[in-house]
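Single-structure report; data block below.
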Amino acid sequence: MKATLLFLFALVAVSANSLFAQDLPKFSFYDAAKKTFSQTNLKPGQPVVVVYFDPDCDHCNKQAQLIKAEVTKFASAQLIWVAFPASIEAITAFGKKYFSAQFGKNFHFLRDNDYTFDRSFGYSEAPSIYVYNKSWKLVKSYSKKEVPAAELAALLK
């Protein structure tokens with residue numbers, strides 16, 4: 001009985017640790033050219049904001065508008081926008097609509113072809129936002145709500 005309880009406790013501890021990991025998790029998504037984009041494509045020493053979105057979601061469009069209005073505050077950050085089940089064409093159109101100047105530079109619009117977002121970041125609904133500092137440690141996460149751009153930008157310092 002003790003061995004079973006110890007095993008269950010260890011299993012819960014390991015599961016909780018992976019669900020609430022504080023480091024930027026390993027991920028692999030696809031860009032418009034169907035090339036793999038992962039954390040190895042990111043520039044070390046720069047904060048990262050990961051946004052799980054749907055191009056047809058009103059809240060996601062509002063979130064993009066909020067960030068666009070203060071986009072200069074995100075110049076030193078890397079924003080990774082990830083969507084599924086939208087087509088890569090819809091994802092790309094969304095990115096260019098709001099962030100044509102930043103598209104492909106420090107703003108990346110990706111598709112989760114393999115359904116791995118939840119496995120990497122935890123269960124997410126659009127829009128969900130994960131903010132990581134320069135050391136790629138999780139600073140804060142948001143789920144199913146619009147966040148003022150100034151609030152997000154303040155976390156990047």
Side-chain angles (χ1 to χ4, degrees), residues 10-55 57 59-60 62-86 88 91-92 94-96 98-157:
L11 183 62
V12 168
V14 168
S15 297
N17 188 35
S18 64
L19 285 174
F20 301 107
Q22 298 298 307
D23 292 332
L24 179 67
K26 291 183 179 182
F27 63 85
S28 181
F29 304 118
Y30 299 89
D31 65 14
K34 298 182 182 176
K35 291 184 181 177
T36 301
F37 187 99
S38 70
Q39 67 280 6
T40 60
N41 296 97
L42 298 174
K43 297 174 186 166
Q46 291 186 343
V48 176
V49 178
V50 178
V51 181
Y52 184 73
F53 79 107
D54 179 338
C57 162
H59 293 289
C60 300
K62 177 66 175 166
Q63 184 65 60
Q65 290 169 5
L66 292 170
I67 292 173
K68 179 182 179 180
E70 300 190 51
V71 74
T72 56
K73 294 180 179 180
F74 296 88
S76 67
Q78 302 168 91
L79 277 79
I80 311 303
W81 297 72
V82 182
F84 189 86
I88 195 64
I91 294 167
T92 301
F94 178 95
K96 289 183 177 178
Y98 292 108
F99 306 108
S100 59
Q102 297 79 20
F103 191 92
K105 295 176 185 165
N106 65 321
F107 282 50
H108 304 278
F109 293 85
L110 309 171
R111 187 168 193 270
D112 182 13
N113 290 356
D114 302 321
Y115 308 95
T116 60
F117 191 92
D118 287 352
R119 196 173 332 136
S120 297
F121 293 90
Y123 177 75
S124 301
E125 293 184 50
S128 289
I129 303 171
Y130 302 86
V131 182
Y132 297 87
N133 65 18
K134 293 177 184 181
S135 301
W136 295 354
K137 302 286 184 193
L138 183 65
V139 177
K140 191 160 186 172
S141 63
Y142 303 87
S143 183
K144 294 176 35 178
K145 69 180 232 177
E146 298 155 13
V147 182
E151 182 178 334
L152 291 173
L155 297 171
L156 301 175
K157 297 179 181 187

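Numbers for residues simply follow the sequence, beginning at 1.
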* Asked: Yes or no on side chain to side chain contact (heavy atoms under 4.5 Å, CB included) for Leu152 and Leu66, after CA distance, side-chain angles and deciding distance?
  -> CA-CA 10 Å; Leu152 291 173; Leu66 292 170; over 6 Å; no

Look up atom [atom1] in [X] and atom [atom2] in [Y], then write down how far apart they are to the nearest 0.5 Å.
| X | Y | atom1 | atom2 | answer |
| --- | --- | --- | --- | --- |
| Gln102 | Leu79 | CD | CG | 9.0 Å |
| Gln78 | His108 | CD | NE2 | 6.0 Å |
| Ser76 | Gln46 | OG | CD | 7.0 Å |
| Lys34 | Asn113 | NZ | CG | 8.5 Å |
| Tyr52 | Cys57 | OH | SG | 10.5 Å |

How close do [X] and [Y] get, counting heavy atoms only, and between which atoms?
| X | Y | answer |
| --- | --- | --- |
| Pro47 | Lys134 | CD-CG, 3.8 Å |
| Gln39 | Trp136 | O-CH2, 3.9 Å |
| Thr36 | Ser28 | CG2-OG, 3.0 Å |
| Leu156 | Lys73 | CD1-O, 4.2 Å |
| Glu146 | Gln63 | CA-OE1, 3.2 Å |
| Phe117 | Asp112 | N-OD2, 2.9 Å |

Hey, does the side chain of [X] reach the backbone of [Y] with a donor-acceptor pair shorter than 3.5 angstrom?
| X | Y | result |
| --- | --- | --- |
| Asn133 | Leu155 | no |
| Asp54 | Ala126 | no |
| Ser143 | Ser128 | no |
| Ser124 | Gly122 | yes |

Contact between [X] and [Y] at the side-chain level, heavy atoms closer than 4.5 Å - yes or no?
| X | Y | value |
| --- | --- | --- |
| Val147 | Lys145 | yes |
| Ile88 | Tyr30 | no |
| Phe84 | Phe29 | no |
| Leu42 | Leu24 | yes |
| Val71 | Phe107 | yes |
| Phe109 | Thr92 | no |
| Val48 | Tyr130 | no |
| Asp23 | Lys137 | yes |

* Asked: When you check the side-chain N and O atoms of Glu151 and Tyr142, is any donor under 3.5 Å from an acceptor?
  -> yes

* Asked: Between Tyr98 and Lys68, is there a cation-pi geometry (under 6.0 Å to ring centre, at most 45° from the normal)?
  -> no

* Asked: Pick one: which of Phe103, Phe74, Phe37, Phe99 meets ring-ring contact (aromatic ring centres under 6.0 Å, His included) with Trp81?
  -> Phe99

